[in-house]
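Per chain, numbering begins at 1; letters A, B, ... match sequence-line order.
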2 protein chains.
Amino acid sequence: MFIQTVAPSTRPAALRPQSFGQTPAPLFASTPEILGTSFSYGRDEEIYGEGEDNEFVYKVVSGAVRTYKVMRDGRRQIGGFHLPGDYFGFELGTRHLLTAEATTDTKVLLFKRSQIESLATRDVSAARELWLMTAGQLRHAEDHMLLLGRKTATERLAAFLIEMDKRLGGTGVVELPMSRRDIADYLGLTLETVSRGFSQFQASGIVQLIDARHVVLVKRRKLEEDAE
Amino acid sequence: MFIQTVAPSTRPAALRPQSFGQTPAPLFASTPEILGTSFSYGRDEEIYGEGEDNEFVYKVVSGAVRTYKVMRDGRRQIGGFHLPGDYFGFELGTRHLLTAEATTDTKVLLFKRSQIESLATRDVSAARELWLMTAGQLRHAEDHMLLLGRKTATERLAAFLIEMDKRLGGTGVVELPMSRRDIADYLGLTLETVSRGFSQFQASGIVQLIDARHVVLVKRRKLEEDAE
DNA sequence: CGGCCACTTGATCCGACTCAACCTGCGTGG
DNA sequence: CCACGCAGGTTGAGTCGGATCAAGTGGCCG
């Protein structure tokens, strides 16, 4: 039934790590001793897989990352998108619980988990900061459960556009760094429903679709009402 | 549309905190200096509300607690049930993000948040333990997002029964400490769909319903397959 | 220029919701 | 002790929102 999602097939040769370099960057303002290594991924490239060792913590520099779970038959639920400035990949235990992939060409900084862990055991405020990051993700997940469990397609789409706008700077002009299918798998819908919803917003003058990836929020107030 | 949920009205006089006493109980095995105060709540009684100060952290002794979000029109999403042994109520920041209520007569231990916070700043392993609790809740939320976004009604119900059985001891005989409406609001369904689903499991010989609150998992393997 | 991929749009279908009746057990008051 | 009311649960009939299946359309890359 809901089978859609997930390209099988082997990864095209084009999709390989694209660059590698040393860019010093502090994980926390207060602890400049931890540095990140810069790394790039092409569109749809896997950063880590569910069940793999979680050796690194990541910070998005540019692009965007999806983290998701898949069922055996291919149904996929994206738990969240990680946008520039966001950290992701630090999960409880030694194994990743989600798969992470770049939704578009993406640059990240990597931090060794072992370093971060040992920092957390030495530095109380760093430990607290890590805890707060996890708590922030939990907060997002709680909001998203309400959306997935109880909101209509239109409400989900409105909430999505508001969320993206807010996280991308709140300018009202949103450049979506992901496909319709990604949006659908994030919102618990099909890509057709996402497409139709955007078209309806456009027809009602609520948004303007410059092209599939660029949306102007014309009546943001209306969207916020729809989103609840 | 989905309006169901939530009894308005003032709380009946019967629903008042029912007992109060001093029961020393350590929050962490390693830190016996932090003690909990015992407290009881009647069925449907609010423990704390969304937006209130989170002054306490709670541990369920007996009964069960639901934590949820509600929309203006009454649509409700229960994020999780807290069963005996579980901690709940420690959230990021100073305000609760969810409402907590007893789903049935419930006894809890209360811990002062300020004590726990200060412990976390002194004791690295306690801080880590708190972090792990939050991470555990996040893990649950991620699984639940997959359920809410992508699973069918039957799959949700199967997953629910398996989850409850596991968390209540894995005996295969489940005493549900919540109503059909609570289950529906947890699974993103209506109570009628929950009821019908249980009846169908019964008709297929997968479970036996002793009464509405007592379910025997006759073919647990089958349920696990359904749940994915 | 041709093929492909992402997206859009249309037609139809179906799983879960809505509305409604009824059943059952329990607490309350006569 | 029984009659009643009520809350929670079950079951049935009909509807509908979003999924599925199926054509297009347009832009981009080779």
Which angle, rounded to 10°, do you find between the first-five-pair axis and the last-five-pair axis of the helix from C:dC1-D:dG30 to C:dG30-D:dC1? 30°
Using whole Å, what does the distance between atom P of nucleotide C:dG15 and atom CZ of B:R150 come to? 16 Å
Would you mind reporting whether B:T154 and B:Q200 have side-chain heavy atoms less than 4.5 Å apart? no
Would you list the protein and nucleotides 10-12 of chain D atom pairs, both N or O, that sit under 3.5 Å from each other?
from	atom 1	to	atom 2	distance (Å)
D:dT10	OP1	B:R180	NH2	3.2
D:dT10	OP2	B:R180	NE	2.7
D:dT10	OP2	B:S195	OG	2.7
D:dT10	O5'	B:S195	OG	3.0
D:dT11	OP2	B:S199	OG	2.4
D:dG12	N7	B:R196	NH1	2.7
D:dG12	O6	B:R196	NH2	3.1

Assign A:G197 to base, sugar-phosphate, or nothing according to its heavy-atom contacts below 4.0 angstrom with the strands shown. nothing
Contact check, side chains of B:L168 and B:L83, non-hydrogen atoms, under 4.5 Å: yes
Do A:V194 and A:L157 have side chains that get closer than 4.5 Å, going by heavy atoms? yes
Parallel, tilted or perpendicular: which fits the ring planes of A:F160 and A:F81, with parallel below 30° and perpendicular above 60°? perpendicular
In whole angstrom, give the distance that lies between atom CZ of A:R75 and atom C1' of C:dG15. 13 Å
Interatomic distance, B:D73 CG vs C:dC17 C1' [rounded to whole Å]: 15 Å
Taking atom P of D:dG9 as reference, at what distance in whole Å does atom CG of B:L189 sit? 15 Å
Stacked cation flag B:R113 on B:F56, 6.0 angstrom / 45 deg: no
What is the distance, to the nearest angstrom, from the CE atom on A:M178 to the P atom on C:dC7? 11 Å
Between A:R76 (CZ) and D:dA19 (P), how many Å, whole number? 15 Å
Taking C-beta and beyond as the side chain, do A:D226 and A:K222 meet within less than 4.5 Å on heavy atoms? yes
Checking salt bridge (charged side-chain N to carboxylate O under 4.0 Å, His left out) between A:R66 and each of A:D86, A:D182, A:D185, which is the one that passes? A:D182
Nucleotide D:dG26, atom P - distance to CD1 of A:I210 in whole Å: 18 Å
Quick check: do B:T193 and B:T190 have side-chain heavy atoms less than 4.5 Å from each other? yes
Any base atoms under 4.0 Å from B:R213, or only sugar-phosphate, or nothing? Heavy atoms, all strands. sugar-phosphate
Grab the CD1-C1' distance between A:I183 and C:dT8 for me, whole Å please. 14 Å
Among B:F39, B:Y41, B:Y48, B:F90, find the one that has a ring-ring contact (aromatic ring centres under 6.0 Å, His included) with B:Y58. B:Y48
